[in-house]
Amino acid sequence: MRAARGSAGQSGAGTMAGGEQRGAPGGPERVALKKEIGLLSACAIIIGNIIGSGIFISPKGVLEHTGSVGLALIIWVLGGGVAALGSLCYAELGVTIPKSGGDYSYVTEIFGGLAGFLLLWSAVLIMYPTSLAVISLTFSNYVLQPVFPNCIPPYNASRILSMVCLLLLTWVNSSSVRWATRIQDIFTAGKLLALALIITVGFIQIFKGNYEELTPSKAFNFWMTPSVGHLALAFLQGSFAFSGWNFLNYVTEELVDPRRNLPRAIFISIPLVTFVYTFTNIAYFTAMSPQELLSSNAVAVTFGEKLLGYFSWVMPVSVALSTFGGINGYLFTSSRLCFSGAREGHLPSLLAMIHVKYCTPIPALLVCCLATLIIMLVGDTYTLINYVSFINYLCYGVTIIGLIVLRWKKPKIFRPIKVNLLIPIAYLAFWAFLLVFSLYSEPVVCGVGLIIIFTGVPVFFLGVYWRNKPKCVNRLIGKHCHCGSVHSSGPVLMVCRAQLPLSPHQCRDSSKPSHHWHAQPSDPHTKQARCCLWMEILPF
């Protein structure tokens, strides 16, 4: 095995068969992420990331804040419409700035390093680890529910099963991009079949005349009068279910023909998800009254118990399949964000290393996995969902503001897709409404979210902006962050052990028969070459 720094997007590199990128003839070999994601897998990534645990958690929150069935259904339809507007804007950005990393890459390119780093900081620290933790815990709870039918599954059992699932999928994503996308394809189909079952049973109920709660007189019978702040919170709850619509932009460099397949995948996936979500909620209300839904801790299970009889076990199994695919999709895309951040110099360069044989960003995957495991152990993830939703919408809005700024700064840049300017303006109008009234209704939750983001400012200036650090600081950072490349006879995972000031000739002519060392510059401002010794620690 050899670990190598990813070089996608660097000038002078051409793409070769097999997905590797190499430099000019006779130059050093460079390795890049493989282009293996076709249109079907692209749709599966979007659908798989959107449809996770949200559709089984958010209906209760949306209904609670809207005060009626009819208004709750309108919120679900509008949520899909807003996601469609945002995804169209991201489609233009994705083909204009064809880099992996999604929001982070676009914000860095348009607004500079600090804005990009703050987005990266909030995503790596809170957004993706917390979302992964929530989905993993939902998976374990639904898997264990048949084992503990009359009580809540034990805390330790739920955590252990969540960790096993997360570690398994981290291994899969580290071993093969193809395996990861196949899992996404299979489990996306599985979750759609599960939701199709709910929708089908709901239609059967409607044909039998069991739709009393959906009649206009009942549907708009408010048991509370929602304020504008309540509507903003209802949208935030629904946005958790729709989160993930932008995830395909994180793997643009691995997408086959992104200029065609990126917008096609969006046009197919977002309307499909909106249809599924709306009719799933309609099906819920054919079996449950609003009061029953609000009192249920597992909406899909309550639905199954009321209508499926002996086959009610299908519901917890279906939710487990849905969330398993969601965990895989979040791991796949969030690790690419770490990879892109490290390649831009905003994270330790070890995270920009990819496996030469498998072409997967193993160090970035391990960091995402570790951060999620920590949140599972020390954090109340369900409370953090509120922070995640607020930060998500804040980041979406800043990115779409970047689209308008890019139109002004670079009006002549080639844009294979160019949306009408009214689309980003309409999205930003909704964005401003949502953030202002969310901040008014939940000042503590939203305030903590802002504090989390701005804690990244001193980190940026100390770790990234401050170039002329003392030598002792540079040596300490270099020891842990600058890694070279190494050949080994067996497939192993490697970590940096130490750094020695060797010349390129010394590195290449190492006396160790099973390793060939290659020099990497330790400091872009000097010409001194250093080598990194690697230690084989884990059979893979």
Any Phe242 side-chain heavy atom under 4.5 Å of Val82 side chain: no

Phe303 and Tyr284 aromatic ring geometry - parallel, tilted or perpendicular at 30°/60° bounds: perpendicular

Ring geometry between Tyr90 and Tyr106 (parallel below 30°, tilted from 30 to 60°, perpendicular above 60°): perpendicular

Exam field: side chain Ser289 to backbone Glu292, donor-acceptor pair closer than 3.5 Å: yes

Contacts of type salt bridge (Lys or Arg N to Asp or Glu O under 4.0 Å), residue Arg260, not counting sequence neighbours: Asp257

Minimum heavy-atom distance between Pro129 and Ala371, given as atom pair plus value: CG-CB, 3.8 Å

Validation row: Ser243, Ile50 side chains within 4.5 angstrom (heavy atoms): no

Ser158 (side chain) donor-acceptor with Tyr155 (main chain) under 3.5 angstrom: no

side-chain contact (heavy atoms from CB on, under 4.5 Å) evaluation trace for His65 with Ile75: CA-CA 10 Å; His65 290 295; Ile75 292 293; over 6 Å; no

Heavy-atom closest contact (Ala133 atom, Ile375 atom, distance): CB-CG2, 4.0 Å

Passing candidate, side chain to side chain contact (heavy atoms under 4.5 Å, CB included) with Leu166, options Ile135, Thr372, Leu161, Leu370: Thr372

Atom of Lys60, atom of Leu294 and distance for their closest heavy-atom approach: CE-O, 2.8 Å

Euclidean distance, Cys43 SG relative to Ile37 CD1, rounded to 0.5 Å: 12.0 Å

Closest non-hydrogen atom pair between Cys368 and Leu331, with its separation: CB-CD2, 4.4 Å

Side-chain heavy atoms of Trp431 within contact of Ile400, under 4.5 Å: no

Polar side-chain atom of Ser269 near backbone of Ile266 as donor-acceptor pair, under 3.5 Å: no

Where Leu262 and Ala91 come nearest, the two heavy atoms and their spacing: CD2-O, 4.0 Å

4.5 Å side-chain heavy-atom contact, Leu195 and Phe56: yes

Backbone N/O of Ala84 and side chain of Ser87: donor-acceptor pair under 3.5 Å: yes

Separation of Asp103 CG from Thr399 OG1 (nearest 0.5 Å): 4.0 Å

Side-chain donor/acceptor of Ser41 to backbone N/O of Gly38, under 3.5 Å: no

Nearest-0.5 Å distance, CG of residue Leu293 to CD of residue Glu64: 10.5 Å

Distance (rounded to the nearest 0.5 Å) between Met376 CE and Met163 CE: 6.5 Å

Any residue meeting side chain to side chain contact (heavy atoms under 4.5 Å, CB included) with Ser58, in chain and number order, not counting sequence neighbours: Trp76, Phe240, Ala241

Check: Leu236 and Tyr393 side chains under 4.5 Å, non-hydrogen atoms: yes

Heavy-atom check, side chain of Leu167 versus side chain of Leu373, under 4.5 Å: yes

Spacing of Ile46 atom CD1 and Asn246 atom CG [to the nearest 0.5 Å]: 9.5 Å

Derivation and outcome, side-chain contact (heavy atoms from CB on, under 4.5 Å), residues Ile204 and Thr200: CA-CA 6 Å; Ile204 292 173; Thr200 301; 4.3 Å; yes

Worked verdict on Tyr396 versus Tyr427 for ring-ring contact (aromatic ring centres under 6.0 Å, His included): CA-CA 10 Å; Tyr396 295 158; Tyr427 183 92; 7.2 Å; no

Distance (rounded to the nearest 0.5 Å) between Leu365 CG and Trp171 CH2: 13.0 Å

Candidate pair Ile453 and Trp121, rule side-chain contact (heavy atoms from CB on, under 4.5 Å), full reasoning: CA-CA 7 Å; Ile453 293 177; Trp121 174 260; 5.8 Å; no

Working for side-chain contact (heavy atoms from CB on, under 4.5 Å), residues Ile183 and Phe324: CA-CA 9 Å; Ile183 286 177; Phe324 190 83; 4.3 Å; yes

Ile327 vs Cys165 side-chain heavy atoms within contact, under 4.5 Å: yes

Side chain Asn281, main chain Tyr277, donor-acceptor under 3.5 Å: yes

Polar contact flag, side-chain donor to acceptor under 3.5 angstrom, Ser140-Ser162: yes

Heavy-atom side-chain contact between Leu120 and Val107 under 4.5 Å: no

Minimum heavy-atom distance between Thr360 and Asn173, given as atom pair plus value: CG2-O, 3.4 Å

